[in-house]
Structures are given as C-alpha cells and as structure tokens.
Q: 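Following this message is one structure expressed as structure tokens.
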2 protein chains.
Amino acid sequence: MTDDTPRQRRGRQLPTVDELRIWREFIETADTLRAELASRLQSETSLSTGDYSVLLALSEAPDQRMRSSELAAGVGWERSRLSHHLARMEKRGLIRREECATDNRGAEVVLAPAGATAFRGATVPHLRAIRELFVDALTPEQLAAAGDLATALRARLAQ
Amino acid sequence: MTDDTPRQRRGRQLPTVDELRIWREFIETADTLRAELASRLQSETSLSTGDYSVLLALSEAPDQRMRSSELAAGVGWERSRLSHHLARMEKRGLIRREECATDNRGAEVVLAPAGATAFRGATVPHLRAIRELFVDALTPEQLAAAGDLATALRARLAQ
DNA sequence: CCCCGGTGATTGACGTGTCAATTATTGGCA
DNA sequence: TGCCAATAATTGACACGTCAATCACCGGGG
C-alpha cells in the first residue's frame, strides 16, 4: 500500500485512492460471488436464491407453515418484496397461501409438496457450491477474517 | 469457533455449521452495505449506483465519449445490461448515443451536460458514504484483510 | 358502541438484471 | 466478387427489488 498524500487525507472526509481500490475490489468480488452462486443454483435446480431462502425458512418451521410477517423477518426482507416473491412462487406451485384463523388480516404461507421436493434437491448442490467458491477459496485465517469483517461492518450499519 | 463434528466434515463436501454461518453473515452484510450505499446515493443525488458507474467511466474517457463495448468492459457489465441501462439514462438526458464513424454497427456513448453536472454533484457525497460505512468501520488490519479476501475469492472465481 | 389510529398484507408503477433471439454490418476467404 | 461466420448492439420477455398507495381488519379510548 502506498502512502497517502496530504491532499487525500485532509480532514479524513474522503477515502484515499488505496482505500477506494479496496472498496471496489471488495464489493465487486462479493457481487460476482453472489451472481455465480445464483447462476449455478438456477441452472442446477431452477430455484433462485430467493426461492431457496424462503423454502429453507418454511422447511424449518413447525408444520412447514409460517405467518407472512414472520417469514419476512426470518429471511430479512421487506413485506412487499416477500409478497411479490410469494406470488411468483405460488404460481409455480412451490408454496400456497392460506387465510389465518386467528387474524383475518393475516396470511399463512405453506410449503407445497413441489416446494419441499425442489428444496431437498437443491440443498446439497447449493452447499457444495458455497464450499467450493467461498470456504475452500480461503485459508482458515481468511475465513475468520471474513466473519470479523462482517461483524464490524454490521455494527456500523446498525447505528 | 466450535469444533467440527465428524459428520459435518466427512469428505469435506459440505460446509460445517460454522462455515455456513460465516458465509451468511458475510454475504448478507455485503448486500446490506451495497443497499445502504445505493439508497443514500439515490436519495441525495437521484442517481443509482449503475448511473454512477457509467458516468464515472465516461467522465474519465477522452472527449467524454466511449464505444458501447469499451464502456461495457469498463464497468464490467454484459452488453445487454448496458444497452438497457443506457436507454434509461438517455431518456433522462444524462447521456446521448451517436453513430460510430468508423464502424457502422457500433455506437458511441457521449456524456451529456446534465450527466456531467449530476456526476459532479454525486461524487463527494458518495465517496463520503463509502468512507463512513466501509473504511471508517474497519481497522487498518481489517481493511487490509478485506483486500486480501477479495483477491483470494476472485482467484477462485476466475478458474 | 363507535370511531380511528395502527397493523398485516397486497398492489401498481417503475427501475434493474439476465437470457435468448434478432438486426445490421464487418472482414476474411473461396 | 460473393458468401458467410463472427461481431456490435438492440430488443423482448420475464424475474427481481423498492417505494408509495391501498385495503381490510384489529383493538383501545371516548
């Protein structure tokens, strides 16, 4: 890493050239990685990573069913996004939506048989790809550093 | 980090629970970070990060103009994606498209005055946000580790 | 009891991304 | 010269994401 020039550092308001280079490499790499994972999942199983997240959450839920809001919280999405996604998944027969008995405003999302089957078939290939492209690409120290980075960045984002 | 159980490690085909947790934290954090940066840029300057990338590349090009293919390579996008994006940017008056004199198939993308103005106004807030949410959230060691991670992951992706 | 603010969820509009197909043109080669 | 595979770029269809608006229903204070 080269030294910062006085101009670059003045007031510490803007990143230096080196900092900016690391930022770009970091975010572009993370993006490429996600795109590659998504593309493999899609071509091997006809599921998107969004589908996978939803099916994972439903699979782990008691009775394979969840209130829409819980599901949104579980996968960390806005409700509107989930609603659109569920509409597409329902059209493909992966999930069903039912009225909620205890709250007439609410909806329950139920894992459909086709969804369960698709999820079972997707798990191993997907986890294998994560190992290949992420875990095995890093030394144990780098893997630990990745967790460390995530924690530090998340702390700042949460402020 | 807890020890791996024999089951989790057998054959080293699938990630362990700990590896998977780090993966999720890493990719979700990177995603949240990008979303936050995009959201700030959008609300402060009415530019998307895609707009910003295109305007940055054009600003640095001689005569503020580039062949469509060069531009695609410069920002690392597929040509189709660029084509769609340029159509939207042209509609907003940020860029213009002209025929290429030396190759009738080709198109030249030209930075329009409105695009130059928008880009000038966006640079400082955007770089400030990158410093705040990324650079300043990390120790120097963590920042170096981020660059290191990107290099290792990119090497695997390039295979 | 009724009103009304808050909540669960959906919808519509629009920007963004990918894939496959298409159009127009180029350049090399028989 | 004339053919044709490769190339530049666009297009259409569709999945995905966000924002703001909307609808229906809940529940508590007058």
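In what follows, every chain begins at residue 1, and chains take the letters A, B, ... in the order their sequences are listed.
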Q: If we only count heavy atoms from C-beta on, is the B:Leu127 to B:Thr123 side-chain gap below 4.5 Å?
A: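 With C-beta onward as the side chain, the pair touches.
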
Q: Scan A:Glu78 against the nucleic acid and name what it touches under 4.0 Å (heavy atoms): base, sugar-phosphate only, or nothing.
A: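 Sugar-phosphate: the residue A:Glu78, judged by heavy atoms under 4.0 Å, touches backbone atoms but no base.
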
Q: Any side-chain N or O of A:Arg67 below 4.0 angstrom from OP1/OP2 of C:dA9?
A: yes

Q: Among C:dT16, D:dC16, C:dT18, which nucleotide has an atom closest to any side-chain atom of A:Asp51?
A: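 The closest nucleotide is D:dC16.
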
Q: Ignoring backbone atoms, test whether B:Ser80 places a side-chain nitrogen or oxygen under 4.0 Å from the OP1 or OP2 oxygen of C:dA20.
A: no

Q: Between D:dC16 atom P and B:Asp31 atom CG, what is the distance in whole Å?
A: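 Those two atoms, CG and P, are 15 Å apart.
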
Q: Might you work through the side-chain contact (heavy atoms from CB on, under 4.5 Å) test for B:Ile95 and B:Val110, ending with a clear yes or no?
A: CA-CA 6 Å; B:Ile95 55 116; B:Val110 189; over 6 Å; no

Q: When you get a sec, tell me which of C:dT26, C:dA9, C:dG6 is the closest nucleotide to the side chain of A:Arg105?
A: C:dG6

Q: Give a yes/no on whether any side-chain N or O of B:Arg79 is located under 4.0 angstrom from OP1 or OP2 of D:dA8.
A: yes

Q: Looking only at side-chain atoms of A:Ser68, point me to the closest of D:dG17, C:dA9, C:dG12.
A: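 Side chain of A:Ser68 sits closest to C:dA9.
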
Q: Measure the distance from OH on A:Tyr52 to P on D:dC16 and round it to the nearest whole Å.
A: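 One finds 16 Å between P of D:dC16 and OH of A:Tyr52, rounded.
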
Q: Starting at CG of B:Leu86 and ending at P of D:dT11, how long is that distance when rounded to a whole Å?
A: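 Rounded to whole Å, this separation is 11 Å.
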
Q: Ignoring backbone atoms, establish whether A:Arg97 has a side-chain N or O less than 4.0 Å from OP1 or OP2 of C:dT10.
A: yes

Q: Assuming nearest nucleotide by heavy-atom distance, tell me which of B:Gly50 and A:Glu70 is located more 5' along DNA chain C.
A: A:Glu70

Q: Rounded to whole Å, how long is the line connecting atom CG of B:Asp103 with atom C1' of D:dT10?
A: 15 Å

Q: Any side-chain heavy atom of A:Leu133 sitting closer than 4.5 Å to one from A:Arg40?
A: yes

Q: So, does B:Arg88 get its side chain near the phosphate of C:dT16, meaning an N or O under 4.0 Å from OP1 or OP2?
A: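 Yes.
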
Q: Hey, does A:Ser83 reach any base, or is it just sugar-phosphate, or nothing, if we go heavy atoms under 4.0 Å?
A: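 Base, at least one base heavy atom under 4.0 Å.
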
Q: Within this structure, what is the NE2-to-P distance between B:His85 and C:dG17, rounded to whole angstrom?
A: 7 Å

Q: Heavy-atom nearest nucleotide on DNA chain C for B:Ser48 versus A:Ser69: which residue maps closer to 5'?
A: A:Ser69

Q: What is the separation between atom CD on B:Gln42 and atom P on D:dG17, rounded to the nearest whole Å?
A: 17 Å

Q: Please report the distance, rounded to the nearest Å, between NE2 in A:His84 and P in D:dT22.
A: 15 Å

Q: I'd like to know if A:Glu108 and A:Arg65 make a salt bridge, using a cut-off of under 4.0 Å between side-chain N and carboxylate O.
A: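 A:Arg65 and A:Glu108: salt-bridged.
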
Q: More 5' along DNA chain D: B:Ser39 or A:Leu47, using each one's nearest nucleotide?
A: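 Its nucleotide being nearer the 5' end, the pick is A:Leu47.
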
Q: How are the rings of B:Phe134 and A:Phe26 set relative to one another: parallel (under 30°), tilted (30 to 60°) or perpendicular (over 60°)?
A: tilted

Q: Give a yes/no answer on whether the side chain of B:Asn104 brings an N or O atom under 4.0 Å of OP1 or OP2 in D:dA8.
A: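 For D:dA8, neither OP1 nor OP2 has a side-chain N or O of B:Asn104 closer than 4.0 Å.
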
Q: What is the distance from CD of A:Glu99 to C1' of C:dT10, rounded to the nearest Å?
A: 14 Å

Q: Does a donor on one side chain and an acceptor on the other come within less than 3.5 Å for B:Asp148 and A:Gln142?
A: yes

